[in-house]
Amino acid sequence: MAMRMLQVKLLRNLWQLKGQAAAIATVVAGGVAMFIMSFTVLQALRATQEAFYAQYHFADVFADVRRAPVSLERIADIPGIQQVEGRIVAPVNVRLEGFNEPITGRAVSLPDGGTGELNQIYLSAGQLPQAFSSDQVVISEAFAEAHKLRPGDKISAVIRGRMQALTIVGLALSPEYIYQIQPGAMVPDYQRYCILWLNHSALEAAFDMEGAFNTLSAQVAADTQVADIIERLDLQLKNWGALGAYDRSQQTSHMFLKQELDQLQVMATVMPAIFLGVAAFLLNVVAARLIRTQRDQIAILKAFGYSNIAIGRHYLTLVLLIALIGVVLGVAAGRELAVGLGGLYQEYYRFPWLLLELRLPTVASATAVTLAAALLGTLKAVYSAVSIAPAEAMRPEPPAIFGRTLLERAGFHKMHAPARMVLRNLERQPAKTLLSITGIAMSVAILIVSGFQKDAINYMIRVQFSLAEKQSATVQFFETESARAQFELASLPGVDYVEPLRNAPVVLRNGQWEYRTAIRALPENSQLNRILDKKLRQIPLRDGGLFLSDYLAKHLRLQVGDKVRVEFLDGARRQLDLPIAATIEDYVGLNAYMTIDSLSLYRPEKQAMEGALLTIVADQEKQVKDALLKIPQIAGVNFRSDIMESFRRTMDETLLTFTFFSVLLAGSIAFAVVYNNARIAFAERARELASLRVLGFSQAEVARILIGEILMLTLAAIPFGFILGYGFAAMIALGLQTEIYRVPLILSPSTFATAALVVVVATVLSTFIVIKKLRGLDMLRALKSAE
Amino acid sequence: MTDYAAEKAVFRARGIERVYHMGDAEIRALRGVDLDLWAGEFVVLLGASGSGKSTLLNILGGLDKATAGELWYRGQNLTLADDAQLTLFRRRSVGFVFQFYNLIPSLTALENVQIVTEIVDQPMAPLEALRLVNLYERRDHFPAQLSGGEQQRVAIARAIAKNPAVLLCDEPTGALDSKTGILVLDVLEKINRELGTTTIVITHNATIANMADRVVRIGDGRIQDIQRNSHKQAPRELSW
């Protein structure tokens with residue numbers, strides 16, 4: 001019977017506290033939603049990747065050669081190799097009627113009439129090319145979507161200079177091209193990059209590869225050392241112009257996918273940890289203060305003979321109920337957000353399906369963290385409430401002990417009494433004031449963290465596209481071209497200036513540490529592709545050494561002046577030790593640069609250029625584009641404006657969506673925290689404010705005291721929040737260092753300003769609500785009753 | 001102080017009723033009170049708890065409004081006043097003293113007085129007010145450092161510092177032992193005598209009535225009788 005009445009009280013209390021309860025539940029929901037969203041999406045992407053790889057037999061080892069005969073028996077004999085397949089993979093140019101832009105294509109052979117054993121494709125529409133047809137093609141679904149192409153439509157491909165009309169028979173996805181990025185781009189551009197699957201027979205004829213292959217894929221047994229197999233493959237393929245075998249970690253799509261997932265893992269760990277941690281902290285604080293305002297009720301219950309345990313259980317249930325409402329809301333919102341975010345990721349990671357499911361352990365851990373925080377905060381407060389003798393708790397609380405504030409002792413005497421009240425209230429309970437400030441500061445911090453990624457990306461774009469890359473376009477040739485090509489390009493109308501570009505595939509080695517990359521060779525003091533130091537000053541490229549990305553130098557455990565072993569993978573496969581001339585501050589890729597003259601010296605057998613950098617006279621880009629399209633030797637052209645555009649678009653669609661969600665969650669947490677603070681400040685001051693009203697203070701005058709206190713807390717919290725936010729951002733930046741991206745720790749003034757603005761607005765709104773309460777303040781009741 | 005009629009009434013209450021609604025129940029706290037209070041009087045409102053005496057005091061002080069009837073303060077009809085006007089009325093004309101003192105714990109004794117003198121036009125010097133209640137020496141103490149009687153005397157200093165026309169005291173000795181209570185009453189008597197402040201004290205303690213000019217007995221929401229003391233006792237002569 002007794003417990004029944006307590007339960008009634010519980011529900012009534014909950015109803016009475018609905019404003020504050022809603023705010024607390026919002027804080028919890030924000031943290032939980034962030035946690036659920038991030039982890040669900042991460043798990044979905046990992047599970048989907050694994051399933052897609054397994055079901056469509058994604059190869060473990062790859063090797064590119066110039067031309068090798070089809071006999072693969074000796075390779076299949078290498079112990080540990082379970083399956084091996086040779087294919088023809090070659091760059092082509094794609095032409096599409098009505099789209100006068102260069103489209104880079106990658107032709108991949110399919111065994112006539114089948115999908116082969118490895119790297120199978122998933123047909124999302126249509127069918128495979130008929131055996132021995134030479135004009136039927138399956139194209140990547142993403143490209144088809146970008147141009148609204150369907151089976152039956154026609155496209156053309158320029159294959160070794162010859163234009164060939166092709167009929168689309170199917171649309172496909174492949175574990176090999178989950179992340180479809182063209183060489184030289186930073187993000188996928190589905191309008192300008194296309195995978196074309198054609199019959200092996202068709203590509204054999206087109207590329208003069210009868211009875212041969214140029215790409216080898218192999219599947220290895222689970223217990224095999226992949227490094228050994230790579231070594232043996234290199235040995236066997238040496239005579240066929242091999243560029244060195246590599247495992248999945250060097251396969252473009254897998255590499256991007258893996259690193260993006262690793263980054264997401266960081267985001268999915270750090271962000272929710274911060275959010276949930278903040279939510280848990282706030283819940284703890286708020287629960288404790290909530291119970292303090294119930295001091296007299298606790299005393300009455302005790303006077304009636306309720307045990308401390310019964311009272312403890314009562315308040316614990318109250319707080320847990322509120323927390324649980326937050327958890328339920330958070331899980332529901334997190335699931336919805338996960339579906340949205342998952343769909344977004346699917347745009348960029350071309351999976352045929354997404355195994356998105358809300359997993360019990362995810363929900364359980366979010367719930368556990370939240371409830372534990374609620375428990376801790378409540379128990380502490382309930383304990384201090386029940387430890388007072390009932391008679392004492394029912395009496396008016398003795399006047400709290402105050403002293404002069406630091407500010408006054410420091411000589412600020414000329415303060416009005418209301419200002420003194422505010423200051424002394426804050427200073428008298430430093431722990432409480434500090435907790436309130438920390439709570440608001442944390443909401444400022446998560447707002448800053450939410451804006452951090454956008455700032456970092458904007459900075460990267462600025463550095464990359466306006467300081468480092470000055471060229472309007474980058475041209476890549478199919479084959480190496482002689483120096484004459486430079487002058488031919490320069491003579492095109494509209495082209496202003498041309499610099500040659502050379503690439504040399506290498507392995508850089510320092511003892512056990514190695515990295516496979518391509519050295520990019522540029523003219524001495526290149527004006528177009530600038531390399532920058534930490535302070536964004538140009539480092540003049542000069543002869544006699546390698547210029548390495550700082551991250552790559554660190555990866556190889558090398559410093560400026562040390563020598564690095566360079567193993568060229570083409571030509572005469574020379575090996576030599578070169579000094580590191582400088583390290584470069586760059587954010588994208590791991591790069592190695594040297595001058596063209598140096599490269600020619602170290603690799604004299606290949607005197608040619610693989611590409612060129614161009615600047616184009618203003619307004620002439622269209623003409624130059626058209627002219628370049630007509631040059632058959634060109635395998636691909638990347639225009640800076642296009643890359644920037646697609647980069648920005650991708651960021652807008654992915655990162656900014658994530659940012660939007662986090663700002664939304666951070667904003668609601670911030671609002672809830674500030675609102676709760678204001679409500680509690682009001683509850684704690686009600687009696688005092690009522691006394692002032694009785695003494696003849698007007699509502700506005702009393703409101704000013706309350707606003708003063710609320711505002712002071714917010715203003716004190718903002719700088720503290722800035723520092724905290726910077727720290728969180730630094731943690732994230734550290735976690736996001738990968739081979740593909742290094743996210744610089746950049747926070748713009750506008751991010752700080754926005755975070756501050758959000759909490760100030762939240763403060764003002766909360767104050768309005770509290771002022772409304774002030775109107776209803778019952779002067780008589782506050783005077784009669786003990787607190 | 002013999003000819004009351006010649007003096008102007010400070011308060012003139014006619015037919016004051018006050019009905020509270022507690023859910024469905026109707027509580028008639030005052031059922032038609034007629035009362036005149038004269039300048040410089042020391043009046044004790046005597047009544048048991050629930051008699052309506054606090055309600056009457058609150059209405060007189062502009063903390064509450066009558067449901068029916070009319071109340072004039074020196075020609076101003078308080079029944080028609082809005083919240084802002086009542087605030088001004090309290091600020092300019094009324095000093096309050098409460099059972100639980102209601103001091104601001106974060107302010108010293110002196111500052112608790114200053115918080116009132118800051119908002120009125122012609123206040124008493126705050127230190128002067130403290131001197132009147134014999135707390136000049138304790139001016140820099142915070143409420144937590146003062147005894148109950150001292151806190152109540154600070155509250156009285158705070159109430160009189162604005163030079164109010166009326167001093168309204170709701171059970172000013174209710175939370176104090178008799179010895180301390182008498183000290184507080186002594187201060188009230190001195191204020192009334194020296195400053196001529198109309199003083200109204202409500203209490204359920206009949207002994208205190210002996211120090212009043214007039215004693216108004218209230219019961220059941222009505223005035224039972226009004227009695228004039230022919231001989232006012234000094235607070236020191238009281239005991240309970």
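First the proteins, then the strands, lettered A, B, ... as listed; each starts at 1.
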Legend entry - B:Arg91 (side chain) donor-acceptor with A:Leu695 (main chain) under 3.5 angstrom: no
Around atom [atom1] of [X], are there more than 12 heavy atoms from other residues, nucleotides or ligands closer than 6.0 Å?
X: A:Phe768; atom1: CZ; answer: no
X: B:Lys190; atom1: NZ; answer: yes
X: B:Trp240; atom1: CH2; answer: yes
X: B:Arg131; atom1: CZ; answer: yes

Legend entry - Part of B:Asn112 within contact of chain A (heavy atom distance under 4.5 Å): neither
Inset, instruction - Measure distances from B:Arg158 to the heavy atoms of chain A and classify the residue's part below 4.5 Å as side chain, backbone, both or neither. - result: side chain
Legend entry - Gap separating the CD atom of A:Glu701 from the OG1 atom of B:Thr87, nearest 0.5 angstrom: 8.5 Å
Inset, instruction - Working to the nearest 0.5 Å, report the span between OG of A:Ser691 and CZ of B:Phe98. - result: 7.0 Å
Legend entry - Least distance between heavy atoms, B:Ile115 atom then A:Phe697 atom: O-CZ, 3.2 Å
Legend entry - Stepwise side-chain contact (heavy atoms from CB on, under 4.5 Å) test for B:Asp83 and A:Arg693: CA-CA 11 Å; B:Asp83 185 73; A:Arg693 288 280 288 130; 3.2 Å; yes
